[in-house]
There are 2 protein chains.
Amino acid sequence: MKKAKQKRLERAGWKVGGATDFLELSKEEAALVEMKLALADSVRRRRRARKLTQAQLAKRIGSSQSRVAKIEAADPEVSIDLLVRTLLSLGASRTQVAKVIAKRTGSKEAA
Amino acid sequence: MKKAKQKRLERAGWKVGGATDFLELSKEEAALVEMKLALADSVRRRRRARKLTQAQLAKRIGSSQSRVAKIEAADPEVSIDLLVRTLLSLGASRTQVAKVIAKRTGSKEAA
DNA sequence: CGAGCATATATCAAACTCGACATATTCGCT
DNA sequence: AGCGAATATGTCGAGTTTGATATATGCTCG
């Protein structure tokens with residue numbers, strides 16, 4: 001199910017193969033995915049810091065346990081909107097959300 | 001159409017009126033809206049700096065002029081995903097997006 | 001081992017967002 | 001004022017995201 005990306009590209013009419021455009025888009029997508037990962041990670045940390053179970057958090061944000069699991073797994077079908085909304089529900093401020101978005105998820109690549 | 005918010009609340013089962021919960025939620029929603037406004041504003045600035053029309057930008061991101069207009073108007077039906085993706089398409093880095101999100105939109109309130 | 005609880009994965013109908021198009025409205029220019 | 005380009009607003013079908021539900025896996029403690 002992680003082909004949502006590819007599908008989106010195709011639907012958007014990008015010819016995967018056109019060098020410049022493709023590279024550009026890759027960068028965007030990569031940035032987007034990294035942002036999601038960072039947000040997901042932050043949600044998990046905050047939830048645990050508050051000693052909440054996924055089910056409890058789900059109730060707080062008007063959702064279900066299964067979705068919280070997907071949120072924390074940064075499942076491709078989870079939107080940034082939901083990630084951010086969840087983080088805000090956990091008491092994060094706008095500034096803190098910004099910091100999370102700027103933060104590097106892993107830290108391995110050099111090139 | 002700006003009742004999407006209200007609808008979401010209702011669907012989520014929030015009784016608008018419950019003091020604590022209501023205030024909490026308001027803060028979240030306010031933060032979300034402010035983030036959207038900041039992002040929308042940044043999109044417009046960047047587009048203009050590049051001397052692009054909405055139609056041209058639309059083409060670049062595989063969308064239509066009307067949607068770009070909605071993006072810049074921070075229309076409630078525009079998701080954060082789209083705002084961020086558009087900003088990235090305009091050459092913004094992840095760090096820059098973060099800065100935009102942290103930035104205050106207006107600057108009037110004191111309390 | 002077995003029970004109880006937390007988390008992960010799958011499915012589905014309903015709600016939502018998207019791009020496209022048609023149609024205003026506003027802006028810049030002569 | 002009159003024209004044309006740019007931008008705003010409304011609607012719609014198609015495709016995506018969501019919350020609920022069911023089920024599976026994993027974990028701890030007796």
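Since the model is a prediction, treat every value here as computed from it, not as a measurement. Naming: A, B, ... by sequence-line order, numbering from 1 per chain.
Rounded to whole angstrom, the span from the CG atom of Asp81(A) across to the P atom of dC18(C) amounts to 8 Å. If you measure from atom CD1 of Ile71(B) to atom P of dC18(C), you get 8 Å, rounded to the nearest angstrom. For Asp75(B) and dT17(C), the CG to P distance is 10 Å, given to the nearest whole Å. For the pair Glu77(A) CD and dT11(C) C1', the computed distance is 10 Å after rounding to whole Å. Rounded to a whole Å, the CZ atom of Arg85(A) is 12 Å from the C1' atom of dT17(C). Between Leu57(B) atom CG and dG19(C) atom P the separation is 11 Å, expressed in whole Å.
Leu82(A) and Thr86(A) make their closest contact through O-OG1, 2.6 Å (heavy atoms, listed as atom of the first residue, atom of the second, distance). Residues Ile80(B) and Met35(B) share a closest heavy-atom pair of CD1-CE, 4.1 Å. Summarising the geometry of Ser79(A) relative to Asp81(B), their closest heavy-atom pair is CB-OD1, 3.5 Å, with the distance given to 0.1 Å. Nearest heavy-atom pair across Gln65(A) and Ala58(A) is N-CB, 3.5 Å.
Lys70(A) and Glu77(A) are joined by a salt bridge, as a carboxylate oxygen and a charged side-chain nitrogen come within less than 4.0 angstrom of each other.
Comparing the local axis fitted to the first five base pairs of the helix from dC1(C)-dG30(D) to dT30(C)-dA1(D) with the one fitted to its last five gives a bend of 50°, rounded to 10°.
With Arg94(A) contributing its side chain and Lys103(B) its backbone, the two residues share a donor-acceptor pair below 3.5 Å. Without hydrogens or angle criteria, Arg47(B) side chain to Leu57(B) main chain gives no donor-acceptor distance under 3.5 Å.
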Protein heavy-atom contacts under 4.0 Å, written 5' to 3' over nucleotides 4-9 of chain C as B (base), S (sugar-phosphate only) or - (none), form the string --SBBB

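Across all strands shown, Ser79(B) has heavy atoms under 4.0 Å from sugar-phosphate atoms exclusively, and none from any base.
With sequence neighbours left out, Arg45(A) forms a side-chain hydrogen bond (donor to acceptor under 3.5 Å, both in side chains) with Asp41(A).
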